[in-house]
Amino acid sequence: MRTITSINNNWHFNNKYVKGMESSGICKDFEVVHLPHTTEMLPYNYFDEKVYQVTSCYKYKLALDSSFVGKVVYIRFEAVMAKAQVYLNGIFLGEHKGGYTPFQFRIDGVYDWTGSDSIITVLADASEDANIPPFGGQIDYLTYGGIYRNVSLAAYDEVHIENLKIETENVLNEKKSVKIKTWINNTFEKSCVAKLTHKLRKKDSCVIAEVTKEIKIESGINFNLCEISELNNIELWDIDAPNLYEIETSLSTDSTSDTQVNVFGFRTAEFRSDGFYLNGKHLQIVGLNRHQSYPYVGYAMPKRAQIKDADIVKYELRCNTVRTSHYPQSVEFLDRCDEIGLLVFEEIPGWQYIGNEEWKNVAQENVKEMIERDWNHPSIIIWGVRINESSDDDTFYSRTNDIARALDSSRQTGGVRCIDNSRLLEDVYTMNDFVHSGSSIALRTQREVTGLDYDVPYLVTEYNGHMFPTKKNDCEERQIEHVLRHLRVQNAAWADTHISGAVGWCAFDYNTHKDFGSGDRICYHGVMDMFRMPKFAAYAYQSQVSPDTEIILEPITFWARGERSIGGILPLYVLSNCDWISIQFGDSEPMIVTNKADELSDLPFPPFVIDSSVITPEKLGQWGMRWEDGLITGYYKDKAVKRVRLSGAPVPSKLIVKADDDTLSSAEKDVTRITICLADQYSKPLHFIAGVVTVMLSGHGKIQGPSEFPLIAGTAAFWIETIGLAGEINLSVRCREFTSNEIKINVV
Ligand code: GAL
């Protein structure tokens, strides 16, 4: 039988590699750390990104118990940035180039079975090595350093399953089938006979179908194909009902056995020249790009944070698609996308630059590693096999496409470009269309971009971003324009039947190199900030959800007489999926508003616009007159379903502090986010308040980053992490004259 043991706890770390460390023991100057780990905690902004671009050394004391004797044992790394060299007791096991894909080395032949301590050493080189994608040119994001994903030990019998691919067939027919491709590794020197069984079931439920075969297995890697057909009553995977199935595969010989479970779904996904089709039905792609980075810890965030990001994109931003810009992201993130029905555009690492042959070989290897890791995820609908925004290179990109198609003919390929008339070697022309700059058109037609005189499958993979960076604490007028730009591009995508949809730049602000961003090492391109706290533009996406799912009512204003140039609050945009709204100024009569933004009429839910044709400025009280509270009410199916009160005289009234989770795990590093809002009488953040937040924490956890930091636009957030001990974490937050209640988090 196989055993997979996670070895994320109790690594020893030294951030300065010194020659000879690969064969030395664990010295006192090594710090005990738990994975995922970043080599350098960074400030929030204004830092020198060179600080983490060093080679550091990790060591792990391996004590394999007797159950490992006679097994084939691998150490598996989900990712190490950016080049890893791995040693066991000073013996070189191998090297892996590239910081986003998994790799493993066999250790049983090298392990010291005599009983003395064996030491795994990992040299993690975080320098921007020009021979490894994405490096070689300038890149608009940081890559951080360290063993930032999980590490495990996998112990197998001599004959075991190496990998498995599930291909669904006849998905739209009543009777469906699956093809199961199994790669089996026979490490014996001679052939043997094995029994191979695949059991199909709905995830975590009882077996629906089963197939068993006796097969001959030669020494080395063997391939086997099985089919289960005539499957009835299978439920499709789609974004609203992400039905998952699993295949449990067992392999046994006289002396060995192995079992592996793979999750998958029945669905078809196809980009056509008239849009995207999921299970044969047209679906407009509405999405955002995600960088996997966080403040202070960079990429080193465990499972719960990965899951939360997928949940934010799906349930808070209400998108149906995420692009893993610009690299394969964690399996935990992708698993969650499968579970919640969030479509994924996954792509290989890279940014504008194409290097020499050695570099291209690594990129080609990345295509293979990405697809072989992720081919069973139903959420993934397309493989990005170009370096984001690079120039054409027909030989190179023919190869990446060939690799992708040979490994997985069930998915289309794309390759994100920003150039016109690029050679279409992929199945889908995927384009970063940054044409919109406010007054101009919002998107170009695909024929203008492709230069072709016929239509092809076409998807917009980025827009906005650097065209209009917007901070959470920017002024109201800028934030309105930020909202409108996102809506205008989405509107244009909805309007053009030859565009499958649009994936905006981007979900979250991110730290970046000095050559990009606002000079403080942040690109303020998100519809949320780095802490995943919403800017107004987040509601542009959120408000497109069906009112049967959630009622949204978000006026894009701080509700002040003198914040905008010239003053006043008109036109006032209200992002909402209600049938109509009303607005009331002070004690005046509420006024019904049905007027929606004409220029955005192709959206499912164009925003309401309250301008001087709806409400005369006098009704709002003119300059110099009293400024009153506002009340906006949303109506759906003739009922008042939501009210938003806006204070005409906001003062600090409450400190709202919430934890995303109330229970964490002590077994491995676990995190949760704490959000803070210094709010007015009606619970709205005080946009311009100046305040320092102080966190007081006791118990079995610690704060990621500083315990004192400023409010930004009335809000702030931080993550706490567990320290391997069960019990409680108690925390409270102080800001100005307020101290929150104590928040208790159980660590179990
Ligand atoms: C694109 C690029 C993204 C990001 C964005 C900013 O050109 O693909 O990574 O830099 O610009 O708008």
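Atoms within a ligand are numbered from 1 in the order they appear, just like the ligands themselves.
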Exercise. Would you say ligand 1 has an N or O under 3.5 Å from any N or O of N388?
Worked result: yes
Exercise. Would F434 count as a contact of ligand 1 if the rule is a heavy atom under 4.0 Å away?
Worked result: yes
Problem set entry | atom 2 (C) of ligand 1 [closest protein heavy-atom partner, distance rounded to 0.1 Å] | E462 OE1, 3.2 Å
Seminar exercise, completed: At under 4.0 Å between heavy atoms, what of V416 touches ligand 1? The answer is neither
Seminar exercise, completed: Counting from 1 in the order shown, the ligand 1 atoms closer than 4.0 Å to a non-hydrogen atom of E389 are 1 (C), 2 (C), 7 (O), 8 (O)
For this session: Please assess E332 against R149 for the test salt bridge (Lys or Arg N to Asp or Glu O under 4.0 Å), listing each intermediate value before the final yes or no.
Result: CA-CA 10 Å; E332 290 110 342; R149 287 189 191 149; over 6 Å; no
For this session: May I ask you to list the atoms of ligand 1 that are less than 4.0 angstrom from any heavy atom of H326?
Result: 3 (C), 8 (O), 9 (O)
For this session: Assign the ring pair W719 / Y294 to parallel, tilted or perpendicular, where the plane angle (0 to 90°) is split at 30° and 60°.
Result: perpendicular
Exercise. Considering only heavy atoms, does W351 approach ligand 1 within less than 4.0 Å through its side chain, its backbone, both, or neither?
Worked result: side chain
Exercise. What are the atoms of ligand 1, with element, lying closer than 4.0 Å to any heavy atom of G465?
Worked result: 12 (O)
Exercise. Mind checking whether Y148 and Y299 have parallel, tilted or perpendicular rings, split at 30° and 60°?
Worked result: tilted
Problem set entry | Per-atom contacts of ligand 1 with N432, taking only distances under 4.0 Å to non-hydrogen atoms | 8 (O)
For this session: Mind telling me whether F558 and H687 have parallel, tilted or perpendicular rings, with 30° and 60° as the class edges?
Result: parallel
Exercise. Heavy-atom contacts under 4.0 Å between H466 and ligand 1: side chain, backbone, both, or neither?
Worked result: both
Exercise. Are N388 and Q352 linked by a side-chain donor-acceptor pair shorter than 3.5 Å?
Worked result: no
Problem set entry | Plane angle bin for F709 and F718 - parallel if under 30°, tilted between 30 and 60°, otherwise perpendicular | tilted
Exercise. Should the proximity of H525 to ligand 1, defined as any heavy atom under 4.0 Å, be assigned to the side chain, the backbone, both, or neither?
Worked result: side chain
Problem set entry | For Y510, the option from I522, L142, N289, D140 that meets side chain to side chain contact (heavy atoms under 4.5 Å, CB included) | D140
Problem set entry | Distance from atom 10 (O) of ligand 1 to nearest protein heavy atom, with residue and atom | D140 OD2, 2.4 Å
Exercise. Do R521 and Y46 meet the cation-pi criteria used here (NZ or CZ under 6.0 Å from the six-membered ring centre, within 45° of the axis)?
Worked result: no
